[in-house]
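Let me begin by presenting the structure, written as structure tokens, before commenting on it.
Throughout, numbering of the chain's residues begins at 1 and tracks the sequence.
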Amino acid sequence: MNRDIESVNIRLVDEDGEMIGVVPLAEGLNRADEAGLDLVEVSPNADPPVCKILDYGKFKYIAQKKANETRKKQKTIDVKEIKMRPNIDNHDYDVKMRAMEKFLDEGDKVKVTLRFRGREMAHQELGRKVLERVRVDLDGPAKVEQMPLMEGRQMIMILSPK
């Protein structure tokens, strides 16, 4: 901005946003001083560089507000976890399914964890059946990102929204 601009000629835009044209740097600085504002290089890669007469503090403030606004609008994808057991009852299963559907509708991933205790480890096929039932029931709103996988005493499957 101002004296830090290195180009000899600049394409000048005045404080009202009107294009003045290609002028020497000294003339651009004089016009900015007369208006009591700064000469800011808005497009340094253009030939000649585009400079605008504006209040630099206000310019930075507005740019920061725009950046904050876009950051606010971004949606972060969370991984929600649902824990089940291999011998889950039908009603409990339905409650967990409604929660998973809600998470998927909100755009979050769902990690379904099936925990085995004691002798249940000998019947891992029951756990696979439960996770297969989850996969079939959520076939519309979700796709399987990670197929069922054993990790210690847990079987894990990850679903993501379509």
Side-chain angles (χ1 to χ4, degrees), residues 1-2 4-5 10-19 32 37-47 49-162:
M1 76 178 229
N2 293 336
D4 296 335
I5 300 171
I10 57 168
R11 186 173 305 276
L12 186 64
V13 179
D14 70 0
E15 59 272 11
D16 299 325
E18 293 182 29
M19 177 68 72
L37 299 170
D38 300 307
L39 184 67
V40 180
E41 195 172 40
V42 289
S43 180
N45 297 332
D47 187 34
V50 178
C51 295
K52 193 171 186 179
I53 298 174
L54 48 85
D55 182 3
Y56 186 67
K58 185 176 180 183
F59 174 72
K60 292 267 293 187
Y61 174 75
I62 291 171
Q64 184 180 9
K65 280 190 68 145
K66 281 183 186 175
N68 289 343
E69 198 65 33
T70 56
R71 196 174 320 121
K72 230 185 269 183
K73 290 179 184 176
Q74 285 181 344
K75 168 72 172 112
T76 57
I77 296 175
D78 297 330
V79 178
K80 306 284 187 168
E81 185 173 17
I82 296 286
K83 294 184 179 181
M84 294 183 170
R85 299 287 311 282
N87 54 351
I88 189 169
D89 193 47
N90 281 337
H91 179 264
D92 296 336
Y93 175 82
D94 293 339
V95 170
K96 303 270 187 185
M97 288 302 293
R98 281 196 299 273
M100 282 189 259
E101 287 171 353
K102 186 182 91 172
F103 294 151
L104 291 166
D105 287 342
E106 291 171 0
D108 296 325
K109 292 182 181 183
V110 176
K111 177 180 178 181
V112 184
T113 304
L114 206 80
R115 181 169 219 107
F116 294 95
R117 279 201 246 157
R119 294 188 187 136
E120 291 173 349
M121 283 296 288
H123 300 285
Q124 293 179 11
E125 70 277 356
L126 295 176
R128 287 206 187 276
K129 283 182 184 175
V130 171
L131 289 180
E132 182 62 27
R133 182 176 168 198
V134 169
R135 189 181 67 77
V136 169
D137 289 349
L138 290 176
D139 194 33
K143 62 178 182 270
V144 177
E145 193 170 288
Q146 179 184 332
M147 291 303 284
L149 180 76
M150 278 300 291
E151 287 184 8
R153 291 189 158 275
Q154 305 185 102
M155 191 176 286
I156 296 172
M157 178 171 72
I158 299 178
L159 302 166
S160 61
K162 277 190 180 175

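- Partners of Glu69 by side-chain contact (heavy atoms from CB on, under 4.5 Å), not counting sequence neighbours, listed by chain and number: Lys72, Lys73.
- Under the rule for a side chain to side chain donor-acceptor pair (under 3.5 Å), Arg11 has no partner lying at least two apart in sequence or in another chain.
- Side chains of Arg128 and Arg133 form no contact here, defined as non-hydrogen atoms less than 4.5 Å apart.
- Residues passing the side-chain contact (heavy atoms from CB on, under 4.5 Å) test with Lys80 are Asp78, Phe103, Asp108, sequence neighbours excluded.
- Qualifying side-chain contact (heavy atoms from CB on, under 4.5 Å) partners for Asp89, counting only residues two or more places apart in sequence or in other chains: His91, Asp92.
- The closest side-chain heavy-atom distance from Leu37 to Leu54 is not below 4.5 Å.
- Checked against side chain to side chain donor-acceptor pair (under 3.5 Å), Glu120 has the following partners two or more places apart in sequence or in another chain: Arg85.
- Across all their heavy atoms, Phe116 and His123 have their closest contact at CE2-O, 4.1 Å.
- The side-chain heavy atoms of Glu41 and Val50, taken from C-beta on, include no pair separated by under 4.5 Å.
- Among residue pairs with one or both ends in residues 58-67, none qualify as side-chain hydrogen bond (donor to acceptor under 3.5 Å, both in side chains); sequence neighbours excluded.
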Exercise for review: Report the C-alpha distance between Leu114 and Val130 in whole Å, list the side-chain angles of each, state the deciding distance to 0.1 Å, and finish with yes or no for side-chain contact (heavy atoms from CB on, under 4.5 Å).
Suggested key: CA-CA 9 Å; Leu114 206 80; Val130 171; 3.9 Å; yes
**Study point:** Steps toward side-chain contact (heavy atoms from CB on, under 4.5 Å) verdict (Thr113, Met84)
**Key:** CA-CA 6 Å; Thr113 304; Met84 294 183 170; over 6 Å; no
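- Residues that satisfy the side chain to side chain donor-acceptor pair (under 3.5 Å) test with Lys96, not counting sequence neighbours, are absent from this structure.
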Taking distance alone, no hydrogens or angles, what donor-acceptor pairs closer than 3.5 Å link side-chain atoms of residues 152-162 to residues at least two apart or in another chain?
residue: Gln154; atom: OE1; partner: Arg115; partner atom: NH1; Å: 3.3
residue: Ser160; atom: OG; partner: Glu145; partner atom: OE1; Å: 3.4
residue: Lys162; atom: NZ; partner: Asp139; partner atom: O; Å: 3.0

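- When the side chain to side chain donor-acceptor pair (under 3.5 Å) test is applied to Asp137, the partners found at least two apart in sequence or on another chain are Tyr93.
- Applying the salt bridge (Lys or Arg N to Asp or Glu O under 4.0 Å) test to Glu81 and every residue at least two apart in sequence or in another chain returns nothing.
- Using a distance-only test at 3.5 Å, with no hydrogens or angles considered, no donor-acceptor pair links the side chain of Asp38 to the main chain of Asp55.
- The only member of Arg98, Glu106, Met100 that meets side chain to side chain contact (heavy atoms under 4.5 Å, CB included) when paired with Lys102 is Glu106.
- Atom-to-atom distance recorded for Leu126:CG and Leu131:CG is 11.5 Å, nearest 0.5 angstrom.
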**Study point:** Stepwise side-chain contact (heavy atoms from CB on, under 4.5 Å) check, Ile5 with Leu39
**Key:** CA-CA 9 Å; Ile5 300 171; Leu39 184 67; 3.9 Å; yes
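- Minimum interatomic distance between Ile10 and Cys51 (heavy atoms only, all atoms of both residues): CG2-SG, 3.7 Å.
- Using modelled atom types, one side-chain atom of Asp14 and one backbone atom of Asp16 make a donor-acceptor pair closer than 3.5 Å.
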**Study point:** Val110 vs Leu104, side-chain contact (heavy atoms from CB on, under 4.5 Å): CA-CA, chis, key distance, verdict
**Key:** CA-CA 7 Å; Val110 176; Leu104 291 166; 3.9 Å; yes
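- Residues Met97 and Leu138 share a closest heavy-atom pair of CE-CG, 3.4 Å.
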